[in-house]
Every structure is written in structure tokens, then in C-alpha cells.
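Contents: one structure, followed by commentary.
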Protein chains: 2
Amino acid sequence: MTHYRLNYLNLIREMGYRLTPQRQIILDTICEQGGHATAREVYERVRQKTPSINRATVYRVLDFFCELNLATKTELNGRTLYEIVGEEPHHHIVCNQCGQAAVVPDEYFNELTAHVWQQHGFKAELKHMVIAGVCRHCQTLNPNT
Amino acid sequence: MTHYRLNYLNLIREMGYRLTPQRQIILDTICEQGGHATAREVYERVRQKTPSINRATVYRVLDFFCELNLATKTELNGRTLYEIVGEEPHHHIVCNQCGQAAVVPDEYFNELTAHVWQQHGFKAELKHMVIAGVCRHCQTLNPNT
DNA sequence: GGGGTTGTTGCGAAAAGTTGCAATAGCAAA
DNA sequence: TTTGCTATTGCAACTTTTCGCAACAACCCC
Ligand SMILES: [Mn+2]
Ligand SMILES: [Mn+2]
Ligand SMILES: [Zn+2]
Ligand SMILES: [Zn+2]
């Protein structure tokens with residue numbers, strides 16, 4: 001949140017990009033929101049503070065943050081969600097039936113990362129994965145299929 | 001391809017859904033296309049055969065196929081791609097730098113599936129995952145970062 | 001502080017994707 | 001073959017996302 005703000009703003013300039021007020025406002029907005037937010041939610045909040053900011057700018061800045069690995073963009077339950085990247089990357093399991101989402105740690109992917117590295121020399125950079133399936137609760141409710 | 005056609009068409013009816021000409025045409029079109037196809041590509045091809053088919057129908061049928069696990073919908077390199085599901089599920093590794101995509105087998109995900117099962121009682125149903133990262137080639141070209 | 005370079009923004013319009021609703025047409029049953 | 005039920009489609013309007021381009025403004029240098 002506020003903690004990362006300075007680091008992130010510095011990062012932008014260190015990478016040779018310009019630190020515009022739009023980028024600062026949008027960054028702050030995502031941080032305030034906390035957790036996942038849609039482009040629409042970010043835009044609505046942003047325009048309340050600064051109505052002059054254009055919708056296209058919000059989309060472009062969100063993509064820009066993803067490019068810098070400062071945020072992630074993920075499809076979850078049919079919604080496209082943005083989230084600020086913290087120190088520890090995390091991922092989600094999402095139930096196909098009830099839609100409930102839970103967090104899972106990055107370590108679950110260690111073996112997968114090892115496989116693609118050994119077999120393909122591919123350096124996986126897993127940011128914000130979504131694992132679809134059926135949660136414990138829905139399995140007991142619906143023990144067929 | 002043609003091989004699956006009958007099975008798929010039967011599946012639709014066995015599940016209690018209606019076998020409409022639109023669904024057959026769209027299924028054939030994805031099969032002909034082979035591999036990944038965007039909604040737009042499918043729509044363009046479909047309308048050449050049968051211009052009366054509406055764009056909304058194409059989107060709805062594509063979603064319908066995904067619902068039945070007859071197809072998958074995946075974001076890859078900024079494009080939303082549909083693909084017919086074959087006997088063996090497969091996944092992809094995609095290079096963030098050059099965009100090259102390769103196929104990886106389902107077994108790479110076995111440990112991940114085991115983790116979420118043991119820790120969360122979650123039954124993962126991995127269909128068509130995309131693992132982002134840097135391919136071998138781009139690593140040698142660009143050994144920084 | 002003023003000036004030049006060029007990355008970014010706002011704007012308008014187009015493209016992509018979604019939705020509600022009335023008309024159509026599968027398909028099962030008679 | 002005909003009939004009835006209702007899932008599915010086409011249509012049109014709507015929302016969401018993208019794009020090209022001219023105007024703007026960070027940032028660097030003097
Ligand atoms: Mn998350
Ligand atoms: Mn594929
Ligand atoms: Zn559930
Ligand atoms: Zn590459």
C-alpha cells in the first residue's frame with residue numbers, strides 16, 4: 001500500500017518512464033481499493049478525485065503497470081481484475097460452481113517451474129495464476145460428475 | 001477434427017441441449033481452423049459460409065462449448081483464444097519477449113494438483129493453462145534482469 | 001528559469017463483447 | 001405428422017476496450 005508507493009514511483013522513473021500525476025493517482029487508487037479491482041472500479045474512483053482523467057488513460061496506465069510487473073491482470077469469475085503486486089506473489093484457486101476464491105502460495109508451483117526449466121530451458125515467471133476446479137464444499141454438495 | 005465431430009454433437013444432445021445448425025457450423029469452423037482461434041476469426045469464417053449467423057450467437061456458442069468442456073477459452077499474448085479440447089489436455093509455455101508458445105503436457109501440473117487437493121480439498125480441473133516466462137532462446141540473447 | 005525532445009494524455013471514433021427481448025425452431029410426445 | 005413447450009437465435013442497443021492523432025507536459029540540458 002502506502003509502503004510501496006515510493007518504491008513504485010521511483011521504479012517508474014528508474015526505468016526511464018515519466019512520472020505523471022495520472023500514474024500517481026491511478027496507483028494510489030488501486031492501492032486504496034486493496035486487492036482485486038476492475039478497470040471500471042478504478043476508473044470510477046479515479047474520476048471522483050480527478051474527473052479530467054480519461055478512461056483510455058486508465059486502461060493504458062493499468063497495462064503499463066502490468067508491463068512493469070507492478071500489477072497483475074487476471075480473468076477471474078468472468079471479471080478482468082487488476083491487483084498490485086506485493087512482496088510475495090500469490091495465486092488463487094477458484095471454484096467453478098460457487099465462485100469462491102482462495103489464496104495459494106507460490107511454492108505450490110515449484111515443481112511445475114522445475115519441469116519447464118529442466119525440459120524446455122524455460123524460465124517461468126508466474127505472477128497471478130488462477131486454478132479452476134471444485135472446492136471442498138461444492139464436492140460434498142454435489143458428489144456426481 | 002472430423003473424428004470428434006460426432007461425439008461432440010451427440011454430447012450436446014445427451015446433455016439435454018439442442019443441436020442447432022448454428023452450433024454445428026461453429027463447431028466445424030473451429031475444427032477446420034485447427035488449434036487456437038479468436039472469436040473474430042471464427043465469426044469471419046462462419047459468416048462466409050452462413051452470413052445469417054449473428055455475432056452474438058458466435059460468442060454465445062463459444063461460451064456454450066466452453067461450459068460443456070468441449071472447448072477452452074484462453075488469454076495468450078493479449079489475444080483471447082478458443083480451442084477444441086482433444087483427448088489429451090495440454091497447456092502452453094509462452095515467452096514474454098518473443099511471444100513463442102510451446103505445448104507442455106498435463107503431467108507437469110500433477111504436483112500442483114496434489115498440493116491444492118491435500119491442503120485445500122480442492123479438485124483442480126486444469127484445462128488449458130498458460131505459463132508465462134522467458135524462453136531459452138531469449139535468455140541467451142538477453143542475459144540481464 | 002527557459003527551451004527542446006519525445007513520452008503521455010485527452011479526445012473522438014471504432015472495434016470487441018454483452019444483454020434483454022420477441023420471434024424462431026429443436027425435439028419430444030401424442 | 002402435428003402440436004406444444006421452451007431453449008436458442010437474431011436483432012438492436014448497450015457497455016467495455018482499443019486505437020490514431022494532435023496537443024500537452026515531464027524531464028533533461030543549458
Ligand atoms: Mn490476488
Ligand atoms: Mn492450445
Ligand atoms: Zn464451490
Ligand atoms: Zn522468447
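Keep in mind the model is a prediction, meaning the values are calculated, not measured. The basis for the numbers below is simple: all heavy atoms, side chains too, and nothing from hydrogens, waters or symmetry mates. Chain naming here is simple, since letters A, B, ... match the order of the sequence lines and numbering starts at 1 in each.
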B/Gln24 CD - C/dA25 C1' separation (whole Å): 14 Å

Heavy-atom side-chain proximity of A/Thr80 to A/Thr38 below 4.5 angstrom: no

Spacing of B/Arg13 atom CZ and B/Leu11 atom CG [to the nearest 0.5 Å]: 12.0 Å

Hydrophobic cluster membership, A/Val130 vs A/Ile93, 4.5 Å side-chain cutoff: no

B/Thr140 side-chain N/O to B/His137 backbone N/O, donor-acceptor pair under 3.5 Å: yes

Whole-Å gap separating P (C/dG17) and CG (B/Leu81): 11 Å

From D/dT18, D/dT8, D/dC27, nucleotide with atom closest to A/Arg18 side chain: D/dC27

A/Arg13 CZ to C/dT8 C1', straight-line distance once rounded to whole Å: 15 Å

Gap between atoms CG and C1', on A/Asp63 and D/dT17 respectively (whole Å): 10 Å

From CG (A/Leu81) to CZ (A/Arg79), nearest 0.5 Å: 5.0 Å

Distance below 4.0 Å between A/Arg40 side-chain N/O and D/dT16 OP1 or OP2: yes

Sidechain-backbone polar pair: A/Gln97 side chain, A/Val134 backbone, donor-acceptor under 3.5 Å: no

Gap between atoms CD and P, on A/Glu41 and D/dT17 respectively (whole Å): 11 Å

Stepwise salt bridge (charged side-chain N to carboxylate O under 4.0 Å, His left out) check, A/Arg40 with A/Glu44: CA-CA 6 Å; A/Arg40 173 169 236 282; A/Glu44 292 298 347; 3.3 Å; yes

Closest to side chain of A/Lys73, choosing from D/dC27, D/dT18, D/dA26: D/dT18

Presence of donor-acceptor pair under 3.5 Å, side chain of B/Arg60 and base of D/dG10: yes

Side-chain N or O of B/Gln22 closer than 4.0 Å to phosphate OP1/OP2 of D/dG10: yes

Euclidean distance, atom OH of residue B/Tyr43 to atom C1' of C/dA15 [Å, nearest integer]: 12 Å

side-chain hydrogen bond (donor to acceptor under 3.5 Å, both in side chains) evaluation trace for A/His128 with A/His91: CA-CA 5 Å; A/His128 194 248; A/His91 313 279; over 6 Å; no

N or O in side chain of B/Thr20 less than 4.0 angstrom from D/dT9 OP1/OP2: yes

Distance below 4.0 Å between B/Tyr59 side-chain N/O and C/dG17 OP1 or OP2: yes

B/Met15 CE - C/dG26 P separation (whole Å): 21 Å

Linked, directly or transitively: A/Ile53 and A/Leu19 (ILVMFWY side chains, under 4.5 Å): yes

Whether A/His92 and A/His36 hold their rings parallel, tilted or perpendicular, with breakpoints at 30° and 60°: perpendicular

Strand-adjacent residues in residues 44-58 of chain B, judged by heavy atoms under 4.0 Å from DNA chain C: B/Arg55, B/Ala56

Atom pair distance, as rounded to whole Å: CG in B/Leu62 and P in C/dA16: 14 Å

Helical bend (five base pairs per end, nearest 10°) for the helix from C/dG1-D/dC30 to C/dA30-D/dT1: 30°

